[in-house]
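Numbers here are sequence positions counted from 1. Side-chain atoms are counted along with the backbone in the values below, which use heavy atoms only and exclude waters and symmetry mates.
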Amino acid sequence: MLDVRSVAGQVFVLQLALAVLLVVAAVLALVFQAQGATVREARQRSIVGAETFAHAPGTLTAMKSAHPTALLQPQAESARKHSGLGLNTVTPVVDTGHHVVGRVSAGIRPAKADERIAGQLPLLLGSAAGALLLAVAGTALVNRRLRRQTHGLDPAAMYRMYDHHHAVLHAVREGVLIVSSDGRLLLANDEARRLLELPADAEENRRPIADLGLEPRLSALLTSGREATDEVHLSGDRLLAVNVRPTAPYGGPAGSAVTLRDTTELRALTGRAAVAQERLRLIHDAGLRIGTTLDVGRTAAELADVAVPRFADVVTVELLEPVLRGDEPESGTTADLRRMAVRGVPQESAIYQVGDVIRFVPGTPMAASLESRRPVLVDDLRRSDTWRRQDLEGTQRVLDARIRSLIAVPLQARGVVLGLANFWRSDHADDFEEEDLSFAEELTARAAISIDNARRYTREHTTAVTLQRSLLPQTLPEQSALEVAHRYLPAQAGVGGDWFDVIPLPGARVALVVGDVVGHGLHAAATMGRLRTAVHNFSALDLPPDELLSHLDELVSHIDTDEARAASREAGGRGEGVEETVRQGTGSDTDRARPDAGRTGITGATCLYAIYEPVAGRVTLARAGHPGPAVVHPDGAVTFPEVPVSPPLGLGGSVPVETAELTLPQGSRLVLYTNGLVEDRDRDIGTGLDQLRTVLATGADRTPEQTCAAVLDAMLSEHPSDDIALLVARTHLLGPPRVAEWEVSSDPAAVAPVRAACLRTLESWGLEALEFTTELILSELITNAIRYGAQPIRVRLLHDRALICEVSDGTSASPHLRRAATTDEGGRGLFLVAQFAQRWGTRYTPGGKVIWTEQSLDEGRPGRGPDAADDVLDQWEDVPAL
């Protein structure tokens with residue numbers, strides 16, 4: 001109450017000060033009034049006393065006597081003592097002649113007047129205190145009521161509140177009403193008066209809401225007291241959005257605060273804005289949901305999924321047949337289209353189902369859209385005769401399903417029509433209008449770009465697959481040392497550079513190769529083909545694994561250099577030079593892993609090369625940056641043998657390649673694979689190898705084919721991110737019954753006994769038909785070894801799919817086939833060997849060399865036997881008769 005910052009406090013202090021001043025003024029007035037009355041009474045009494053003395057008998061006689069003092073002094077002293085001398089009055093004494101004969105002075109003491117005033121003060125002060133208390137009590141009551149009415153606000157706040165109140169009531173474009181709990185109007189601003197057309201005295205007379213002539217629903221809401229948020233009510237020709245909130249401010253009487261907004265125009269604008277906003281969201285969603293894959297059919301289905309039901313009730317999508325093959329179609333209304341998607345109705349209720357081939361009849365909206373390359377609108381299908389030309393019975397089913405409106409939009413990208421999208425609406429929604437055409441065209445344009453990308457990818461993928469399949473082994477060669485099964489699976493991103501090979505080698509040996517070129521696409525496939533061809537060529541030289549990988553590493557380095565030069569030329573000389581490009585390329589595996597490695601300056605490839613020798617059951621392996629093999633032993637035990645790893649191909653430089661040798665019992669399985677099998681984005685290589693071990697260990701008696709199937713079933717992810725090449729080979733041994741070997745001394749006389757022993761071996765093998773050619777071949781090879789070679793000299797016969805003759809010695813000098821001159825005494829033996837053998841060659845060993853020949857067991861080559869020798873010699877006129 002005493003807070004002087006509030007209006008009530010300030011009024012209280014002012015009223016209290018006024019009351020105190022009034023009381024003080026009253027007390028002072030009473031004091032002065034009492035003092036004046038006392039003085040006047042004393043003056044009158046003193047005058048009376050003086051007059052009485054002056055006119056008293058004997059006063060005149062005494063004054064005229066000789067001793068007036070002696071006569072008058074006793075009486076005057078007695079009167080003075082009794083009256084006090086505070087106030088004196090002088091009265092002259094005159095004789096009969098009106099002569100002043102003396103003066104009489106009479107006085108009253110002032111103390112007498114003060115005593116009278118002091119006697120009245122308690123009454124005066126008591127009256128003043130009572131008046132002050134009454135004033136304070138009245139002021140307090142007034143202050144309390146004022147404080148309750150102003151809620152303790154200071155003047156500035158009340159001033160601002162008044163301004164705000166004035167702005168709300170008269171400036172805002174929103175109606176405001178205050179309605180009492182008994183349904184009477186307490187307050188209405190100017191906008192509310194305008195919107196509701198209220199009478200001028202509605203607020204002043206606190207008229208009931210029911211008497212204001214409002215719409216019944218609106219009047220019921222305003223008097224109900226319930227809350228409402230943006231309820232739309234009719235008031236005359238206006239649509240009002242009404243908000244009602246109950247209010248009882250500061251504990252006052254209950255009521256309702258009502259706000260009103262005119263939404264007649266805003267509703268129409270809001271509707272159009274909502275439609276535009278929804279279409280923007282739909283276009284945004286289309287960009288996210290259409291084209292998630294590079295599959296043409298899936299992309300077409302995604303367009304239909306996006307449009308239903310947000311834009312159309314039913315959507316059908318058809319694509320031209322060449323698009324499905326990845327080809328660029330030719331436009332035309334007579335072209336065949338294949339339906340790719342139906343959404344909004346069950347497929348069986350559609351005129352054409354997914355997969356059906358459609359040829360639209362000329363004149364139909366679909367045909368017109370394809371021909372004009374513009375969207376076509378049919379706002380009411382019931383009145384369209386041209387639409388029904390396609391299929392009278394089918395279109396009637398569409399009408400019976402209450403489909404009423406159609407927009408046919410061509411799917412086109414880069415100026416090429418790819419197909420057609422049809423949007424249908426039923427009578428449950430508004431019919432399509434002209435403004436819907438542009439949106440349908442924009443939506444299909446986005447989908448068409450994704451479909452065209454998928455089409456082009458399909459074409460490139462088909463080309464890459466065709467190229468890769470032509471570069472991969474079409475069939476595995478026949479050989480007896482290994483039972484081989486294989487698998488190749490391209491990544492989700494397309495074909496890549498993973499490859500495998502099985503290459504028969506001399507001596508019944510077999511080479512197993514698995515490689516990986518980083519990246520995907522045509523370049524990776526082409527590079528893979530080059531490397532596979534190189535491996536075949538190097539294998540024809542019968543190089544050991546370490547030397548073969550060294551040569552392959554050098555080849556890849558040359559490829560990288562060529563790529564860097566090409567990239568530098570394409571950059572117009574802006575590059576840093578070939579050497580710098582290669583140097584930078586070799587510094588990061590991430591750079592090598594880019595799919596467009598065709599112009600990165602580095603190929604990025606790995607390889608595992610193994611040679612299996614079936615006589616001893618020995619495997620020699622070398623690898624360049626490639627995962628090592630797994631070995632499944634006949635008892636089911638799985639091991640990952642340690643094979644020294646060399647840098648990836650192209651990065652080896654001067655680093656030597658090391659090899660490892662394993663001896664495998666018959667029936668072992670050698671498993672070679674690329675890293676895509678055991679490693680992907682969701683699985684590290686350690687986890688992958690553990691899974692591979694588990695799968696291989698659970699089927700010890702599986703065939704290679706069964707092993708391949710089991711491994712892929714267990715380890716293949718749903719969406720592989722890398723190619724997978726898998727090669728499983730079960731070993732076989734070429735046992736002693738099919739192997740014969742002899743040591744040969746350096747004496748030429750030793751040739752005949754060895755030759756005879758070889759012929760006896762051939763008879764035991766049932767190869768008598770090959771005795772003549774074998775005798776001729778062995779005689780020449782053993783003689784050359786004795787004449788030109790060094791110890792140890794060995795002869796070995798292998799009975800496999802062919803008869804293999806091997807003569808080894810301790811020198812590395814290799815014989816060369818040449819044409820002997822007429823005067824030469826020798827030089828024709830090797831020529832005869834080449835003519836009689838199906839194949840022949842030389843391979844080098846750590847201790848020398850081996851010259852080998854192969855002869856077909858079925859005698860498939862013509863001219864075998866003794867009679868053929870004359871035919872061969874007759875071809876050389878300069879060869880003398882033997």
Side-chain angles (χ1 to χ4, degrees), residues 472 476 482-492 496-502 510-518 545 589 593 605-610 612 619-646 648 660-731:
L472 287 173
L476 296 182
L482 296 170
E483 179 186 354
V484 181
H486 62 88
R487 293 289 188 276
Y488 170 77
L489 296 176
Q492 185 180 19
D498 288 16
W499 55 284
F500 63 91
D501 217 335
V502 179
V510 179
L512 300 177
V513 191
V514 174
D516 183 3
V517 175
V518 175
D589 292 339
T606 63
C607 184
L608 171 63
Y609 188 83
Y612 175 67
V619 180
T620 305
L621 308 99
R623 59 179 177 139
H626 201 86
V631 176
V632 185
H633 297 272
D635 60 357
V638 180
T639 61
F640 292 93
E642 290 292 335
V643 179
V645 61
S646 300
E661 288 191 358
L662 308 173
T663 300
L664 302 179
Q666 177 154 331
S668 300
R669 282 171 290 168
L670 187 62
V671 181
L672 283 67
Y673 50 88
T674 56
N675 63 345
L677 178 68
V678 295
E679 184 180 17
D680 57 28
R681 61 172 64 95
D682 300 322
R683 175 181 58 195
D684 59 35
I685 190 169
T687 303
L689 291 176
D690 290 340
Q691 292 180 356
L692 179 60
R693 183 194 300 273
T694 302
V695 175
L696 295 176
T698 55
D701 56 345
R702 292 193 183 116
T703 65
E705 280 290 338
Q706 293 172 340
T707 302
C708 286
V711 168
L712 292 184
D713 289 343
M715 302 191 64
L716 185 63
S717 61
E718 183 177 357
H719 301 290
S721 59
D722 197 4
D723 300 0
I724 296 175
L726 176 64
L727 199 63
V728 179
R730 182 157 61 185
T731 62

Which atoms form the tightest heavy-atom contact between [X] and [Y], and what is the distance?
{"X": "Gly625", "Y": "Val645", "answer": "N-CG2, 3.8 Å"}
{"X": "Pro644", "Y": "Ala660", "answer": "CD-CB, 3.8 Å"}
{"X": "Ala622", "Y": "Pro545", "answer": "CB-CB, 3.8 Å"}
{"X": "Asp701", "Y": "Gln706", "answer": "O-OE1, 4.3 Å"}
{"X": "Gly688", "Y": "Met715", "answer": "O-CE, 3.2 Å"}

(request) Please report the C-alpha distance between Val502 and Leu482 in whole Å, then the side-chain angles of each, then the deciding distance to 0.1 Å, and finally whether the side chain to side chain contact (heavy atoms under 4.5 Å, CB included) criterion is met. (result) CA-CA 10 Å; Val502 179; Leu482 296 170; 5.8 Å; no
To the nearest 0.5 angstrom, please state how far the [atom1] atom of [X] sits from the [atom2] atom of [Y].
{"X": "Leu621", "Y": "Glu642", "atom1": "CG", "atom2": "CD", "answer": "12.0 Å"}
{"X": "Glu679", "Y": "Asp684", "atom1": "CD", "atom2": "CG", "answer": "7.5 Å"}
{"X": "Leu689", "Y": "Arg683", "atom1": "CG", "atom2": "CZ", "answer": "9.5 Å"}
{"X": "Leu476", "Y": "Glu483", "atom1": "CG", "atom2": "CD", "answer": "11.5 Å"}
{"X": "Glu705", "Y": "Arg730", "atom1": "CD", "atom2": "CZ", "answer": "11.0 Å"}

(request) Identify which one of Thr606, Asp516, Thr674 satisfies the side-chain hydrogen bond (donor to acceptor under 3.5 Å, both in side chains) criterion when paired with His626. (result) Thr606
(message) Consider side chain to side chain contact (heavy atoms under 4.5 Å, CB included). Of Thr639, Val671, Leu608, which one does Pro629 pass it with?
(response)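 Considering Thr639, Val671, Leu608, a side chain to side chain contact (heavy atoms under 4.5 Å, CB included) with Pro629 is found only for Leu608.
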(request) In sequence, state the C-alpha distance, the side-chain angles, and the governing distance for Leu672 and Phe500, and then conclude on side chain to side chain contact (heavy atoms under 4.5 Å, CB included). (result) CA-CA 9 Å; Leu672 283 67; Phe500 63 91; over 6 Å; no
Quick check: do [X] and [Y] have side-chain heavy atoms less than 4.5 Å from each other?
{"X": "Gln691", "Y": "Val678", "answer": "no"}
{"X": "Cys607", "Y": "Val513", "answer": "yes"}
{"X": "Asp498", "Y": "Tyr488", "answer": "yes"}

Ignoring hydrogens and geometry, is there a side-chain-to-backbone donor-acceptor pair from [X] to [Y] under 3.5 Å?
{"X": "Tyr673", "Y": "Gly628", "answer": "yes"}
{"X": "Arg487", "Y": "Leu712", "answer": "no"}
{"X": "Arg669", "Y": "Val728", "answer": "no"}
{"X": "Thr731", "Y": "Ser668", "answer": "yes"}

(request) Would you please test Asp722 and Asp680 for side chain to side chain contact (heavy atoms under 4.5 Å, CB included) and show each step? (result) CA-CA 7 Å; Asp722 197 4; Asp680 57 28; over 6 Å; no
(message) What verdict does the side-chain hydrogen bond (donor to acceptor under 3.5 Å, both in side chains) test give for Thr687 and Asp690, after you've listed the backbone C-alpha separation in whole Å, the side-chain angles of each residue and the deciding distance to 0.1 Å?
(response) CA-CA 5 Å; Thr687 303; Asp690 290 340; 5.6 Å; no
